[in-house]
Amino acid sequence: PQVNFDVAATLPVEDLNRIYPTPLEPRGDLSLDGHFTAGGSDPDRFVGKLAGRSLGYRYHSAEIQNVMLSSRADLTPDQIHLTGLQVSSPDGTFRGAAEINEAKRLSVKGQIDGVTIAEIGRLAGRPTGSLSGTLSGEVQFDGQMNATGLGVAAASAKLDLKPGNE
(Lines give C-alpha, C1' and ligand atoms only; values in the text may rest on other atoms or scores of the structure.)
Protein backbone atom coordinates (compact mmCIF):
# COMPACT_ATOMS: atom_id res chain seq x y z
CA PRO A 1 0.00 0.00 0.00
CA GLN A 2 1.04 3.56 -0.70
CA VAL A 3 0.18 6.69 1.31
CA ASN A 4 -0.05 10.14 -0.29
CA PHE A 5 -0.80 13.34 1.57
CA ASP A 6 -0.15 17.06 1.62
CA VAL A 7 1.90 18.41 4.48
CA ALA A 8 2.42 21.87 5.96
CA ALA A 9 4.54 21.78 9.10
CA THR A 10 6.99 23.87 11.09
CA LEU A 11 9.41 22.29 13.51
CA PRO A 12 11.99 23.89 15.81
CA VAL A 13 15.49 22.70 14.84
CA GLU A 14 16.09 21.70 18.46
CA ASP A 15 13.21 19.17 18.21
CA LEU A 16 14.29 18.03 14.73
CA ASN A 17 17.80 17.28 16.01
CA ARG A 18 16.32 14.96 18.67
CA ILE A 19 14.51 12.97 15.96
CA TYR A 20 17.03 13.19 13.15
CA PRO A 21 20.43 14.75 13.95
CA THR A 22 21.44 17.59 11.60
CA PRO A 23 24.54 19.81 11.48
CA LEU A 24 22.36 22.78 12.45
CA GLU A 25 22.63 24.50 15.83
CA PRO A 26 19.55 23.89 18.06
CA ARG A 27 17.86 27.21 17.26
CA GLY A 28 15.49 28.47 14.59
CA ASP A 29 12.70 26.69 12.70
CA LEU A 30 12.36 24.64 9.53
CA SER A 31 9.11 24.48 7.55
CA LEU A 32 7.87 22.05 4.91
CA ASP A 33 4.96 22.72 2.58
CA GLY A 34 4.31 20.13 -0.11
CA HIS A 35 3.40 16.53 -0.86
CA PHE A 36 4.62 13.37 0.90
CA THR A 37 4.48 9.84 -0.53
CA ALA A 38 5.33 6.73 1.51
CA GLY A 39 5.14 3.00 0.99
CA GLY A 40 4.89 1.03 -2.21
CA SER A 41 7.89 0.13 -4.35
CA ASP A 42 9.30 3.67 -4.56
CA PRO A 43 11.29 5.27 -1.73
CA ASP A 44 9.50 7.64 0.64
CA ARG A 45 9.55 11.13 -0.88
CA PHE A 46 8.72 14.74 -0.08
CA VAL A 47 8.36 17.29 -2.89
CA GLY A 48 7.59 20.91 -2.09
CA LYS A 49 9.01 23.96 -0.39
CA LEU A 50 11.56 24.01 2.42
CA ALA A 51 12.07 27.18 4.45
CA GLY A 52 14.14 28.06 7.49
CA ARG A 53 14.55 31.07 9.73
CA SER A 54 16.97 32.08 12.48
CA LEU A 55 19.18 29.07 11.71
CA GLY A 56 22.74 28.55 12.91
CA TYR A 57 25.61 26.31 11.86
CA ARG A 58 28.91 25.60 13.61
CA TYR A 59 31.84 23.48 12.44
CA HIS A 60 34.97 23.65 14.59
CA SER A 61 35.58 27.39 15.01
CA ALA A 62 33.47 28.45 12.00
CA GLU A 63 30.02 29.70 12.98
CA ILE A 64 27.23 31.26 10.92
CA GLN A 65 24.17 32.71 12.64
CA ASN A 66 20.78 34.20 11.74
CA VAL A 67 20.47 32.30 8.48
CA MET A 68 17.27 32.36 6.44
CA LEU A 69 16.66 29.90 3.62
CA SER A 70 14.03 28.95 1.09
CA SER A 71 14.12 26.33 -1.64
CA ARG A 72 12.16 23.90 -3.73
CA ALA A 73 12.95 20.51 -2.25
CA ASP A 74 12.88 16.90 -3.45
CA LEU A 75 13.78 14.68 -0.49
CA THR A 76 14.14 10.90 -0.22
CA PRO A 77 15.98 8.84 2.43
CA ASP A 78 19.10 8.74 0.19
CA GLN A 79 18.96 12.07 -1.63
CA ILE A 80 18.33 15.73 -0.97
CA HIS A 81 17.86 18.03 -3.97
CA LEU A 82 17.40 21.73 -3.31
CA THR A 83 16.75 23.98 -6.31
CA GLY A 84 16.00 27.66 -6.37
CA LEU A 85 17.93 27.71 -3.11
CA GLN A 86 18.21 31.13 -1.47
CA VAL A 87 20.29 31.48 1.67
CA SER A 88 20.86 34.79 3.40
CA SER A 89 22.56 35.99 6.54
CA PRO A 90 23.75 39.36 7.75
CA ASP A 91 27.09 38.48 6.08
CA GLY A 92 25.91 37.82 2.50
CA THR A 93 23.62 35.82 0.25
CA PHE A 94 23.75 32.63 -1.84
CA ARG A 95 21.42 31.65 -4.69
CA GLY A 96 21.71 28.34 -6.47
CA ALA A 97 21.29 24.62 -5.87
CA ALA A 98 22.54 21.95 -3.49
CA GLU A 99 22.30 18.20 -3.35
CA ILE A 100 23.36 15.35 -1.14
CA ASN A 101 23.44 11.91 -2.75
CA GLU A 102 23.51 8.63 -0.85
CA ALA A 103 24.04 10.67 2.35
CA LYS A 104 27.70 10.94 1.29
CA ARG A 105 28.29 13.30 -1.63
CA LEU A 106 27.59 17.01 -1.27
CA SER A 107 27.45 19.40 -4.22
CA VAL A 108 26.64 23.12 -4.05
CA LYS A 109 26.65 25.48 -7.02
CA GLY A 110 25.46 29.06 -7.36
CA GLN A 111 26.14 32.75 -6.84
CA ILE A 112 27.26 34.60 -3.73
CA ASP A 113 26.76 38.30 -3.21
CA GLY A 114 27.96 40.76 -0.59
CA VAL A 115 30.26 38.41 1.32
CA THR A 116 33.01 40.41 3.03
CA ILE A 117 36.69 39.53 3.04
CA ALA A 118 36.54 39.87 6.84
CA GLU A 119 33.79 37.18 6.99
CA ILE A 120 35.78 34.80 4.76
CA GLY A 121 38.79 35.30 7.03
CA ARG A 122 36.69 34.75 10.15
CA LEU A 123 35.21 31.50 8.79
CA ALA A 124 38.63 30.26 7.68
CA GLY A 125 40.21 31.28 11.00
CA ARG A 126 42.69 33.55 9.21
CA PRO A 127 43.50 37.19 9.90
CA THR A 128 42.71 39.56 7.02
CA GLY A 129 44.68 42.53 8.33
CA SER A 130 43.76 45.73 6.53
CA LEU A 131 42.14 43.94 3.57
CA SER A 132 38.55 45.04 3.04
CA GLY A 133 35.90 44.63 0.39
CA THR A 134 33.06 42.38 -0.71
CA LEU A 135 33.03 39.35 -2.97
CA SER A 136 30.33 38.37 -5.47
CA GLY A 137 30.18 35.72 -8.19
CA GLU A 138 30.03 32.03 -9.05
CA VAL A 139 30.94 29.35 -6.53
CA GLN A 140 30.97 25.57 -6.61
CA PHE A 141 31.74 23.11 -3.85
CA ASP A 142 31.89 19.32 -4.01
CA GLY A 143 32.75 17.10 -1.08
CA GLN A 144 32.48 13.71 0.54
CA MET A 145 30.69 13.61 3.88
CA ASN A 146 31.82 11.31 6.68
CA ALA A 147 31.01 10.77 10.35
CA THR A 148 33.11 13.75 11.47
CA GLY A 149 32.01 16.22 8.75
CA LEU A 150 33.59 16.73 5.35
CA GLY A 151 36.42 14.62 4.04
CA VAL A 152 37.72 15.11 0.51
CA ALA A 153 36.49 18.42 -0.88
CA ALA A 154 37.05 20.69 -3.87
CA ALA A 155 35.92 24.27 -4.32
CA SER A 156 36.10 26.71 -7.20
CA ALA A 157 34.99 30.28 -7.63
CA LYS A 158 34.94 33.09 -10.16
CA LEU A 159 34.52 36.16 -7.99
CA ASP A 160 34.46 39.90 -8.39
CA LEU A 161 36.02 41.98 -5.64
CA LYS A 162 34.57 45.35 -4.76
CA PRO A 163 37.22 47.12 -2.68
CA GLY A 164 36.19 49.30 0.17
CA ASN A 165 35.49 49.71 3.81
CA GLU A 166 33.35 47.01 5.35
Side-chain angles (χ1 to χ4, degrees), residues 8-17 21-34 46-75 79-101 103-146 148-166:
T10 299
L11 184 65
V13 173
E14 183 176 18
D15 293 344
L16 173 64
N17 284 344
T22 74
L24 296 174
E25 289 289 299
R27 59 177 168 261
D29 299 307
L30 286 173
S31 301
L32 295 174
D33 188 1
F46 169 82
V47 177
K49 183 176 179 180
L50 170 68
R53 64 177 185 83
S54 302
L55 302 175
Y57 174 81
R58 181 187 312 232
Y59 182 72
H60 296 298
S61 63
E63 182 177 3
I64 302 172
Q65 296 182 24
N66 299 317
V67 175
M68 306 288 278
L69 75 82
S70 68
S71 180
R72 290 184 300 282
D74 187 345
L75 313 173
Q79 297 186 3
I80 297 173
H81 295 278
L82 303 176
T83 57
L85 176 60
Q86 297 181 35
V87 180
S88 63
S89 81
D91 300 306
T93 62
F94 171 84
R95 295 179 192 280
E99 62 181 59
I100 299 174
N101 290 308
K104 295 177 189 171
R105 292 189 310 270
L106 170 66
S107 179
V108 178
K109 184 175 182 178
Q111 299 275 329
I112 63 167
D113 187 43
V115 178
T116 65
I117 291 173
E119 180 65 6
I120 298 292
R122 185 185 72 78
L123 290 172
R126 309 241 186 227
T128 57
S130 62
L131 293 175
S132 67
T134 57
L135 300 169
S136 299
E138 299 174 16
V139 293
Q140 180 162 353
F141 178 87
D142 296 291
Q144 295 287 326
M145 296 168 48
N146 58 40
T148 59
L150 287 172
V152 178
S156 64
K158 183 177 179 182
L159 301 173
D160 294 321
L161 170 62
K162 180 180 176 187
N165 294 331
E166 297 173 341

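The basis for the numbers below is simple: all heavy atoms, side chains too, and nothing from hydrogens, waters or symmetry mates.
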### Task
Test side chain to side chain contact (heavy atoms under 4.5 Å, CB included) on Asp160 and Leu135 and set out the steps.
CA-CA 6 Å; Asp160 294 321; Leu135 300 169; over 6 Å; no
### side chain to side chain contact (heavy atoms under 4.5 Å, CB included) assessment of Met145 paired with Arg105
CA-CA 6 Å; Met145 296 168 48; Arg105 292 189 310 270; over 6 Å; no
### Query
Going through the checks in order, is the side chain to side chain contact (heavy atoms under 4.5 Å, CB included) test met by Glu25 and Asn17?
CA-CA 9 Å; Glu25 289 289 299; Asn17 284 344; over 6 Å; no
### Worked check of side chain to side chain contact (heavy atoms under 4.5 Å, CB included) between Thr128 and Ile120
CA-CA 9 Å; Thr128 57; Ile120 298 292; over 6 Å; no
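Every residue meeting the salt bridge (Lys or Arg N to Asp or Glu O under 4.0 Å) condition with Asp29, not counting sequence neighbours, appears here in chain and number order: Arg53. For Ser54, the side chain to side chain donor-acceptor pair (under 3.5 Å) criterion is met by no residue, not counting sequence neighbours. Under the side chain to side chain donor-acceptor pair (under 3.5 Å) criterion, Thr93 pairs with no residue, sequence neighbours left out. Asp33 pairs by the salt bridge (Lys or Arg N to Asp or Glu O under 4.0 Å) definition with nothing, not counting sequence neighbours.
For residues 61-73, every residue pair satisfying the salt bridge (Lys or Arg N to Asp or Glu O under 4.0 Å) rule, not counting sequence neighbours, is listed here: Arg27-Glu63, Arg58-Glu63. Evaluation of the salt bridge (Lys or Arg N to Asp or Glu O under 4.0 Å) test over residues 89-101, restricted to residues two or more places apart or in two chains, returns none.
Between Phe94 and the options Val139, Val115, Asp113, a side chain to side chain contact (heavy atoms under 4.5 Å, CB included) holds for only Val139.
Contact of the Asp74 side chain with the Thr83 side chain is not registered, since no non-hydrogen atoms from C-beta on lie closer than 4.5 Å. Under the 4.5 Å side-chain criterion, counting only non-hydrogen atoms from C-beta, Tyr57 is not in contact with Val67. Contact of the Leu11 side chain with the Leu30 side chain is not registered, since no non-hydrogen atoms from C-beta on lie closer than 4.5 Å.
Atom CG in Asp15 sits 12.0 Å away from atom OG1 in Thr10 (nearest 0.5 Å). In this structure, CD on Gln65 lies 11.5 Å from CG on Leu55, to the nearest 0.5 angstrom. Between the OG atom of Ser88 and the CE atom of Met68 there is a distance of 6.5 Å, given to the nearest 0.5 Å. To the nearest 0.5 Å, the span separating CG on Leu50 from OG on Ser70 amounts to 8.5 Å. Of the inter-residue distances, the one linking Thr134 atom OG1 with Leu161 atom CG reads 7.0 Å to the nearest 0.5 angstrom.
Across every non-hydrogen atom of Ala155 and Phe141, the tightest pair is CB-CD1, 4.0 Å. Closest non-hydrogen pair, Gly114 versus Ser136, comes out as N-OG, 3.3 Å.
Remark: side-chain polar atoms of Ser71 are not paired, donor with acceptor, to backbone N or O of Gly84 under 3.5 angstrom.
Side-chain atoms of Asp142 and Ser107 include a donor-acceptor pair closer than 3.5 Å.
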